[in-house]
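What follows is a set of notes on a single structure, which appears directly below.
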Amino acid sequence: MRALQIKGYGDIKASLAFGEIKKPVIKNNQVLVEVHSAGVNPIDYKITEGLLKSIQKLNFPAPIGFDVSGVVVEKGSDVKNLNIGDEIYSRVSSDSPGTFAEYVAIDGDLVSLKPSNVNFSEASGLPLVALTTIQSFEKANLKSGDKILIHAGSGGIGTFAIQYAKSMGAYVYTTTSTKNVAWVSELGADRVIDYKKENYLDVVNEIDVVYDTLGGNYTHDAFEVIKNGGKVISIAGEIDNETAKELNLNSIIRFLLALKRRKITKQIKKKSAYYKFLLMEPSGSQLTNIKTLVESQLIKPVLDKEFSFSKSIEALLYQKSGRAKGKVIIKVK
Ligand SMILES: NC(=O)c1ccc[n+]([C@@H]2O[C@H](COP(=O)([O-])OP(=O)(O)OC[C@H]3O[C@@H](n4cnc5c(N)ncnc54)[C@H](OP(=O)(O)O)[C@@H]3O)[C@@H](O)[C@H]2O)c1
């Protein structure tokens with residue numbers, strides 16, 4: 001079968017190439033999925049560039065891609081929740097990526113039937129952003145009436161998070177640039193802040209939760225806008241000690257991370273705040289909950305660009321531009 005592979009760490013164009021490889025052989029707890037569409041995420045280019053090698057080292061050539069939608073063509077004897085011919089979507093395990101390929105083997109418990117009212121490409125853009133957001137909002141204990149700031153409302157995460165927070169009854173502030181203000185408002189955000197014209201720090205204050213999708217100073221400034229006892233959930237900022245332990249990072253790395261985090265540690269104390277760096281976990285059952293939300297039209301997938309399989313490298317370069325308006329998709333079949 002044809003698959004995109006990482007040949008070595010480095011620049012996207014130089015490190016990625018297509019290869020003819022053997023179709024995966026499934027284990028008893030897995031299904032073989034014929035890939036129709038694969039969603040692209042920032043993690044795909046970050047892994048290729050070697051930015052995550054302190055967390056997970058690759059053996060080359062390495063498979064690439066985590067989000068997928070397609071059809072079950074084989075199933076292992078232990079898989080009870082799926083049948084051959086099912087149209088599914090999944091965020092595959094972090095240990096076995098490979099959705100930028102014609103076939104992928106996936107653990108049955110990480111797979112859900114796809115929402116019936118969206119096509120394969122729309123479904124393939126949902127798993128990673130949806131699971132990250134659901135798990136982040138759970139950690140924040142977000143509830144109806146809470147005020148939340150969602151940074152980068154026009155990104156893959158932001159477009160899902162705005163709709164999900166509104167479905168929960170939260171008041172949503174979000175940031176984006178001028179060209180995206182109108183359509184981001186249509187996603188339901190209560191207050192869209194055009195960062196080219198306004199400083200969000202002048203608009204947002206005393207809020208319950210910040211969903212930090214940008215990291216850097218945005219993480220530090222989150223503590224300026226939360227109320228006392230508020231929560232900052234970051235998916236792009238400093239790694240907290242609990243998450244570092246979950247990642248099995250050694251004590252030297254954990255010490256260095258604690259040094260890097262010193263400013264945040266002071267800010268947490270000053271505001272009696274909760275801070276968590278959330279690393280998403282794949283889950284088939286949570287994807288089934290998302291299926292219900294999509295079928296009831298509380299959430300609509302937002303696609304930016306679709307690339308043909310042969311243009312996968314261009315898809316990753318586009319994702320890396322940081323200007324995607326919703327999801328970037330590779331159409332494999
Ligand atoms: N920890 C985890 O488990 C986890 C999971 C998923 C994602 N992530 C991380 O979360 C981050 C966001 O992911 P994503 O998929 O949403 O990325 P993305 O789709 O590439 O985000 C692109 C969007 O970001 C907006 N943006 C860029 N700079 C901005 C700024 N200063 N203020 C407001 N908006 C800005 C852009 O809008 P404009 O063009 O208008 O600026 C664009 O629409 C990435 O770093 C990713 O690696 C982490």
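FYI, side chains are in, hydrogens and waters are out, and symmetry mates aren't considered; it's all heavy atoms of this structure. One-based numbering, in listed order, for ligands and for the atoms of each. Here, residue 1 is the first one in the sequence, and each next residue gets the next number.
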Minimum non-hydrogen distance to atom 38 (P) of ligand 1, winning option of G216, G158, A236, S177: S177
Numbered atoms of ligand 1 (with element) below 4.0 Å of Y218, judged on heavy atoms: 31 (N)
Based purely on interatomic distance, does Y195 place a nitrogen or oxygen under 3.5 Å from a nitrogen or oxygen of ligand 1? yes
L128 neighbourhood, listing ligand 1 atoms whose heavy-atom distance to it stays under 4.0 Å: 5 (C), 6 (C)
Determine, considering heavy atoms only, which of E281, M280, K196 sits nearest to atom 3 (O) of ligand 1. M280
Give the residue and atom name of whichever protein heavy atom lies nearest to atom 39 (O) of ligand 1, and the separation in Å to one decimal. R323 NE, 2.7 Å
Tell me if the aromatic rings of Y171 and Y173 count as close, with their centers under 6.0 Å from one another. yes
Any heavy atom of I157 under 4.0 Å from ligand 1? The part involved is both
Between D190 and K166, is there a salt bridge with N-O shorter than 4.0 Å? yes
With atoms numbered from 1 as shown, which atoms in ligand 1 lie under 4.0 angstrom from a non-hydrogen atom of T176? 40 (O)
Short list, please: which atoms of ligand 1 are under 4.0 Å from a heavy atom of A152? 24 (O), 25 (C), 26 (N), 33 (C), 34 (N), 35 (C)
Check for me whether K46 has a heavy atom closer than 4.0 Å to any atom of ligand 1. yes
Check this for me: L259, atom CG, are more than 12 non-hydrogen atoms of other residues, nucleotides or ligands nearer than 6.0 Å? yes
Do Y9 and F60 have their ring centres less than 6.0 Å from each other? yes
Judged by heavy atoms only, the candidate from A324, G39, G326, G215 nearest atom 42 (C) of ligand 1 is A324
Quick test: of every protein heavy atom, which one is nearest to atom 21 (O) of ligand 1, and how far off is it to 0.1 Å? G155 CA, 3.7 Å
Of all the atoms in ligand 1, which lie at a distance below 4.0 Å from a heavy atom belonging to L214? 28 (N), 29 (C), 30 (C), 31 (N), 32 (N)
For ligand 1, which atoms have a heavy atom of G322 less than 4.0 angstrom away? 22 (C), 23 (C), 24 (O), 27 (C), 36 (C), 42 (C)
Counting only N and O atoms by type, is there a donor-acceptor contact under 3.5 Å from the side chain of D44 to the main-chain atoms of N41? yes
If I take atom CG from residue N117 and atom CD from residue E122, how far apart are they, to the nearest 0.5 angstrom? 8.0 Å
May I ask you to establish whether K114 and F120 are in a cation-pi arrangement, using a distance under 6.0 Å from NZ or CZ to the six-membered ring centre and at most 45° from the ring axis? yes
For H151 and Y200, take the angle between the two ring planes, folded into 0 to 90°, and tell me which bin it lands in: parallel under 30, tilted 30 to 60, perpendicular over 60. perpendicular
What is the nearest protein non-hydrogen atom to atom 15 (O) of ligand 1, stated with its residue, atom name and distance? P42 CD, 3.4 Å
Salt bridge K276-E246, side-chain N to carboxylate O under 4.0 Å: yes
Of K143, K231, K227, which meets side-chain hydrogen bond (donor to acceptor under 3.5 Å, both in side chains) against D208? K227
Could you check whether E74 and Q30, counting side-chain N and O atoms only, form a donor-acceptor pair closer than 3.5 Å? no
Backbone, side chain, both or neither: what part of K179 comes under 4.0 angstrom of ligand 1, heavy atoms only? side chain
Starting from atom 19 (O) of ligand 1, locate the nearest protein heavy atom and write down its residue, its atom name and how far away it is, to 0.1 Å. G156 N, 2.8 Å
Nearest non-hydrogen protein atom to atom 48 (C) of ligand 1, with distance, is I235 O, 3.1 Å
Cation-pi check, K270 to F223: give yes when NZ or CZ is under 6.0 Å from the six-membered ring centre and within 45° of the ring axis, no otherwise. no
Could you list which atoms of ligand 1 come closer than 4.0 Å to a heavy atom of L278? 1 (N), 2 (C), 3 (O)
The closest protein heavy-atom partner of atom 18 (P) of ligand 1 is Q319 NE2, 3.7 Å
Within 4.0 Å of some non-hydrogen atom of N180, the atoms of ligand 1 are 37 (O), 38 (P), 39 (O), 40 (O)
Lys/Arg cation over aromatic F18: R2, 6.0 Å, 45° cone: yes
Where is the nearest protein heavy atom to atom 12 (C) of ligand 1: which residue, which atom, and how far? T213 O, 3.7 Å
Test item: T99 side-chain N/O and D67 main-chain N/O as donor-acceptor pair under 3.5 Å: yes
Non-hydrogen atoms of H151 versus ligand 1: any pair closer than 4.0 Å? no
